[in-house]
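Structure first, commentary second.
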Protein chains: 2
Amino acid sequence: MLTPKQLGRLPGTGRGLRNASIKDIARLAGVSHSTVSRALRGGVLVRDETASRIRKIAEEVGYRPSAAARSLVSGHSDTIGVVVTNVADPFVAGVVRGIEDRAEEHRYAVFLANSNADPDREVRVVRAFEERRVDGIIVTSSRVGALYVPVMERMRVPIVLLNNQHPGHFAHSVMIDNPKASLEVTRHLTQLGHRRIGYIGDRSGHQSDTERLAGYRQALEEAGIPFDPALTIQGDGRPEGGGIAMTRLLQGNRLPTAVFCYNDMTALGAMRQIRLHGLRVPHDISVAGFDDLFLDEYLDPPLTTVRQPMREMGRIAMQTLLNIFTGESNSHNVRVEGRLIVRGSTAAPKE
Amino acid sequence: MLTPKQLGRLPGTGRGLRNASIKDIARLAGVSHSTVSRALRGGVLVRDETASRIRKIAEEVGYRPSAAARSLVSGHSDTIGVVVTNVADPFVAGVVRGIEDRAEEHRYAVFLANSNADPDREVRVVRAFEERRVDGIIVTSSRVGALYVPVMERMRVPIVLLNNQHPGHFAHSVMIDNPKASLEVTRHLTQLGHRRIGYIGDRSGHQSDTERLAGYRQALEEAGIPFDPALTIQGDGRPEGGGIAMTRLLQGNRLPTAVFCYNDMTALGAMRQIRLHGLRVPHDISVAGFDDLFLDEYLDPPLTTVRQPMREMGRIAMQTLLNIFTGESNSHNVRVEGRLIVRGSTAAPKE
DNA sequence: CTGAAAGCGCTTACAG
DNA sequence: CTGAAAGCGCTTACAG
């Protein structure tokens with residue numbers, strides 16, 4: 001009993017089939033394999049009758065060209081690899097849609113791989129893509145962005161980072177304008193009259209988190225509110241971390257009247273804790289997030305947030321890759337604007 | 001300005017690099033490329049000193065073996081392709097985790113591709129995987145399951161379907177026991193005292209939907225409640241469709257006191273519409289879903305549902321593939337059990 | 001322990 | 001319009 005690894009050729013579904021090659025078809029059609037190749041590709045330089053006979057046979061035997069063989073000679077795979085931190089995050093779903101939009105237009109296949117926010121895994125996954133000779137790689141919300149700087153130096157396959165989490169500059173990146181967007185959300189809260197506003201962040205050290213905190217602080221400053229470190233607590237970018245952080249805020253001696261969360265997933269956990277403590281959103285505490293996940297409007301109350309143009313960001317990332325391919329771009333750092341979406345989770349503070 | 005497609009070899013990040021091959025390393029090390037190949041693979045049959053010198057050089061030049069070349073000779077790619085209807089669906093995220101658990105143990109790489117619930121796309125994506133000679137394919141929530149029956153006949157690469165949506169039998173599949181799980185949810189509602197229970201389904205014709213409807217009807221029968229077709233409405237498996245269907249139920253002449261939804265995404269939309277109509281869950285209408293998505297417990301009220309052991313299902317699907325590889329299995333249809341999770345969205349009807 | 005050779009499945013000049 | 005030949009980057013018997 002051998003695995004494909006040991007056996008070499010798969011026996012099909014127990015039927016002992018192997019993949020038909022152009023040689024098999026050539027034999028069946030009584031022509032050379034070169035002719036089969038031509039007929040199956042462009043169809044140029046082959047007599048119509050011959051070509052259609054070949055195509056018919058190929059169809060009959062269920063011929064599938066080997067991308068491996070093809071890419072070996074062509075030097076490209078017409079494939080883009082996308083590394084996502086977590087398929088479960090609705091944010092990546094939006095981004096992936098955008099990547100696919102553009103990729104499909106240009107006939108690239110898009111494959112995803114999960115890093116599960118594990119830096120080691122992220123590196124392994126990027127390597128797996130490289131070995132399969134994808135033409136380009138897009139890494140979303142990388143946890144090890146900085147690592148790419150030296151790697152890029154001799155990287156054969158172009159990499160575009162999307163909302164990378166580590167400080168540093170990259171040849172190619174697409175990022176949301178975090179400071180500005182955070183400034184706007186927080187300003188929205190100060191304008192509602194809030195003076196004690198909490199911030200629940202991501203794990204520290206990540207660029208997005210640092211930038212969102214900066215925007216938050218700037219809004220406070222604008223409003224003449226002194227920064228209170230006790231109101232800034234780390235989360236982990238997920239509901240669990242948001243919940244734990246919120247609990248700590250609720251145990252403080254003076255409650256915030258509003259909380260700005262690093263992202264919507266964090267806000268999800270925070271809102272739940274607020275409810276579990278017998279308080280109401282936004283009556284007792286206003287909550288705002290970041291991302292505009294599809295589920296925001298299905299929450300009760302619906303979540304105020306910053307819309308990241310996820311699909312657009314995915315499109316831009318893919319377009320950047322396409323530009324690199326054509327040589328039109330050697331370095332490209334794009335900042336996109338977020339947009340404040342006010343929903344029911346934020347309101348003026350009580351009295 | 002050429003794309004990789006036209007150009008053949010990528011110029012790297014503008015640095016004119018091409019991928020180093022074992023020949024390049026052989027030249028640098030002053031040995032034959034066969035020796036390089038051996039040193040880089042097992043390391044057997046090569047003098048230690050030679051091997052380590054070769055590995056050092058490979059490291060220096062940033063050598064990445066070509067999976068294409070390797071798989072061409074070995075006949076396998078050590079890669080599994082997973083087709084998902086929608087990366088945005090948290091259900092697939094759970095399944096993918098399970099697939100990865102098992103795949104990682106056996107050193108298979110896992111790549112995902114999106115079908116966006118579009119049958120044409122699904123077929124194209126499966127084909128893309130076949131051409132890249134993945135060793136196996138797992139298709140989740142397929143919309144075109146039936147299509148695989150003839151295809152499987154001459155399929156070279158084994159396919160495992162997970163919760164396929166179309167009637168028919170497949171060589172390999174993993175499915176939740178829909179009738180039983182639905183029976184239990186609906187029974188939960190009848191036992192709470194509900195007599196007018198609605199069902200919001202998926203698009204019709206899908207196997208899962210048919211089976212869940214059957215379980216629902218059986219529970220009604222058990223409780224001596226006549227089936228009322230007016231209470232069964234089609235959705236689309238997403239919040240939008242759930243909302244539209246709920247609206248129709250709310251416009252009926254006699255409101256249901258409880259609604260069982262095809263899945264949690266559907267329930268999400270239904271609950272929102274209930275709120276928008278000024279009614280409360282579960283006070284006015286109880287709502288139950290199916291899947292147990294991570295977000296269920298973050299809803300207000302948290303959603304009663306059936307837990308699908310998504311991760312476990314993913315593991316089983318991958319294990320099925322592994323069994324096919326070793327020849328231990330030629331046909332394998334697994335039914336897994338769901339589990340009722342009672343949360344706050346269901347309660348006894350008013351008086 | 002090492003090298004030369006054949007071959008995996010394709011594409012693509014080069015001849016005819 | 002068609003075929004023979006070379007070659008993409010690797011692995012693996014086969015000789016030494």
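- Closest approach of B/Asp135 and B/Phe325 over heavy atoms only: O-CE2, 3.1 Å.
- In DNA chain C, stems built from 3 or more consecutive Watson-Crick or G-U wobble pairs, each with both distances under 3.5 Å, span C:1-3 with D:14-16, C:5-12 with D:5-12, C:14-16 with D:1-3.
- Look at CZ on A/Arg47: it is 10 Å from P on D/dG3, rounded to the nearest Å.
- One atom, CG of A/Asp48, and another, P of D/dC1, lie 7 Å apart when rounded to the nearest Å.
- The distance from atom CG of B/Leu72 to atom P of C/dG7 is 14 Å, rounded to the nearest whole Å.
- Residue B/Lys23 has no polar side-chain atom (N or O) positioned under 4.0 Å from OP1 or OP2 of D/dG7.
- When the side-chain nitrogen and oxygen atoms of A/Thr35 are compared with OP1 and OP2 of D/dC1, none of them lie within a distance under 4.0 Å.
- The existence of a salt bridge linking B/Arg127 and B/Glu130 is excluded, since no basic side-chain nitrogen approaches an acidic carboxylate oxygen closer than 4.0 Å.
- No donor-acceptor pair closer than 3.5 Å links the side chain of A/Arg70 to the backbone N or O of A/Ser66.
- Going from atom CZ of B/Arg132 over to atom C1' of C/dG9 covers 15 Å, rounded to whole Å.
- Taking atom CG on B/Asn19 and atom C1' on D/dG9, their separation rounds to 10 Å, with Å as the unit.
- In terms of the side chain to side chain donor-acceptor pair (under 3.5 Å) criterion, A/Ser52 has no residue partners (sequence neighbours excluded).
- A/Asn333 and A/Ser173 form a side-chain donor-acceptor contact under 3.5 Å, judged by distance and modelled atom types alone.
- In this structure, B/Ser66 does not reach the D/dC8 phosphate: none of its side-chain N or O atoms is under 4.0 Å from OP1 or OP2.
- No salt bridge links A/Glu59 with A/Lys56; every basic N to acidic carboxylate O contact stays at or beyond 4.0 Å.
- Residue A/Glu130 contributes atom CD, which lies 16 Å from atom P of D/dG9 at whole-angstrom precision.
- Separation of the P atoms belonging to C/dA6 and C/dT2 is 23 Å when rounded to the nearest angstrom.
- Atom pair A/Ile54:CD1 and D/dG3:P shows a separation of 8 Å (rounding to whole Å applied).
- A donor-acceptor contact under 3.5 angstrom links the side chains of B/Ser32 and B/Thr35, judged on distance only.
- For A/Asn116 against B/Glu100, the heavy-atom pair with the smallest separation is ND2-OE1, 3.5 Å.
- Between the CD1 atom of A/Ile99 and the CZ atom of A/Arg311 there is a distance of 11.5 Å, given to the nearest 0.5 Å.
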* Structure fact -> Protein-proximity profile, nucleotides 11-16 of chain D, B/S/- by nucleotide at the 4.0 Å heavy-atom cutoff, equals BBB---
